[in-house]
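Structure first, then comments.
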Amino acid sequence: MTRFLASAAAVALATAAQAQDLPQASSDWFVAGQTTIQELLDRQPNTNRARNVILMNADGNGVGTNYAIRLFMGQQEGGLGEDYVLPYETTEWYSALVKTYNINAQTPDSAPTAGSMNTGVKQRFNLINLGENAITEDCTTEAGNELTTFAEIVAEMGKSVGVVSTARLTHATPAATVVKTAYRNWEDAVPEGCENSRDIATQMYDAMESGLLDFAMAGGFRHFAPEGFEMDGLTGGRPDDVNLIEQAQAFGTQFVTNTEGFEALVLDHSTPVLGLFENSHMQYEFDRTDEPSLSEMTAAAIEYLSNNEDGYYLQIEAGRVDHALHGGNLHRVLVDGVAFANAVATAMELTDPADTLIIVTADHEHAIAFNGYCGRGSSITGLCYGIDNEGIQHNGEAELGDDGLPYTVAGFLNGAGSVLAPSGDGNAFVGSRPELSQEEATDPDYLQQALIPMSSETHSGEDVAVYARGPFAHLFDGTIEQNVIFHVMHHAAVVAE
Ligand SMILES: [Zn+2]
């Protein structure tokens with residue numbers, strides 16, 4: 001017994017004392033690993049009450065898509081990409097994995113996922129902020145099933161609420177900030193027989209008029225103005241004759257539609273602000289003209305909302321990461337993903353972690369996958385190049401499938417880039433993979449190869465990550481249900497002393 005204790009102690013001593021004597025101790029990897037450990041040891045949980053909460057959601061940016069954004073941003077900055085650190089991937093941020101399913105869906109959609117973050121409970125597929133007894137597309141089940149949103153809770157405390165999205169303002173994620181509806185597609189009208197229900201644009205407008213929502217910027221002009229109404233090149237599309245834009249201007253709202261208007265905004269919080277920059281969604285960052293970037297809208301929202309000494313809740317969405325994924329076009333996914341990362345960096349710069357909880361997450365992942373044994377620095381949108389046994393960077397030779405053809409690093413299990421096409425013979429689809437060059441694969445308009453033919457690639461039920469900085473960010477740990485995100489925000493901003 002004595003002998004065992006003595007030898008165990010000796011081993012422990014040798015291990016503890018001799019890290020710097022290990023043959024690998026001078027390796028950059030070893031030194032960086034030690035630095036990470038020191039940063040983690042120095043990290044102190046922040047138990048301040050959160051004055052401000054910023055929830056930043058890149059729609060569709062699951063762990064896989066986020067991996068692609070990391071490599072793309074790193075490669076754009078001249079590196080190999082794999083070792084790049086996104087603004088929310090430093091040791092300043094705590095993180096957890098998030099289970100995204102809906103009450104009745106293994107693969108979620110963005111309405112109940114955003115709803116779960118805004119109310120603290122999971123919801124049914126395609127509806128927003130209604131309890132589990134509500135039924136999708138059944139407006140008679142809205143009454144009595146409305147949930148209270150985080151925005152409503154903190155507005156009661158005197159905080160201001162803002163929402164920014166590159167999708168339509170009436171789209172699922174921005175809507176979930178304040179809206180309650182049995183169907184996410186009732187953006188400017190409700191079905192016949194639903195006279196007690198309000199469409200999503202009307203609910204957003206009502207939230208601004210009542211003072212619940214002070215700042216809103218996104219696309220979606222068409223849902224706020226009636227058919228035939230034109231303004232700055234945008235056209236209304238509401239089937240009723242209601243002009244929510246003119247009504248909002250009538251109670252003093254600053255309304256803008258382009259960069260000129262955006263830059264002229266007075267951000268002193270004396271009047272509500274509404275920006276609607278497109279009829280439908282805002283443009284992809286890759287194609288963007290005459291509308292502000294996500295980072296610019298984030299900065300404007302924070303400047304505006306910071307005028308309230310009682311603080312604010314701001315929900316920001318990079319909505320078009322999801323849309324480019326649905327389109328099977330990885331280049332636009334990643335350019336919008338970089339725009340999201342830049343918006344996170346802007347939010348970090350303009351806020352103090354002592355009083356502001358920033359949460360970075362996604363609502364769900366997509367059917368994206370990463371192929372092959374690629375060497376370091378293979379372009380994340382391009383071909384998978386082989387591993388160089390003697391060097392670090394790939395060997396420049398495309399890896400081949402058993403069909404003798406090269407393949408890209410990233411692909412989709414379903415979508416518009418399917419290698420199968422109708423044969424013209426009944427329902428049969430046939431196909432083989434086409435020859436592919438690096439030039440074709442890295443073209444910004446290229447659709448990565450997919451298997452199952454679908455005009456719109458689908459979401460997947462895979463986990464996403466959540467990252468957080470600021471008060472009670474350390475509560476994010478392990479693998480959590482998506483609705484727990486609300487409970488962290490609630491604890492940090494409402495419950496904490
Ligand atoms: Zn989607």
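Atoms within a ligand are numbered from 1 in the order they appear, just like the ligands themselves.
Every residue meeting the salt bridge (charged side-chain N to carboxylate O under 4.0 Å, His left out) condition with Glu187, not counting sequence neighbours, appears here in chain and number order: Arg168. Applying the side chain to side chain donor-acceptor pair (under 3.5 Å) test to His331 and every residue at least two apart in sequence or in another chain returns nothing. Partners of Gln438 under the side chain to side chain donor-acceptor pair (under 3.5 Å) rule, at least two apart in sequence or in another chain, do not exist in this structure.
The aromatic rings of Phe221 and Phe229 sit parallel to each other, their planes meeting at less than 30°, with 60° as the upper class boundary. Between Phe215 and Tyr304, the angle of the ring planes lies from 30° to 60°, which puts this pair in the tilted group.
Sorted by chain and number, the protein atoms of type N, O or S within less than 2.8 Å of the Zn ion (ligand 1) are Asp322 OD1, Asp322 OD2, His326 NE2, His459 NE2.
Taking the side chain as every heavy atom from C-beta outward, His366 and Thr458 never approach each other to under 4.5 Å.
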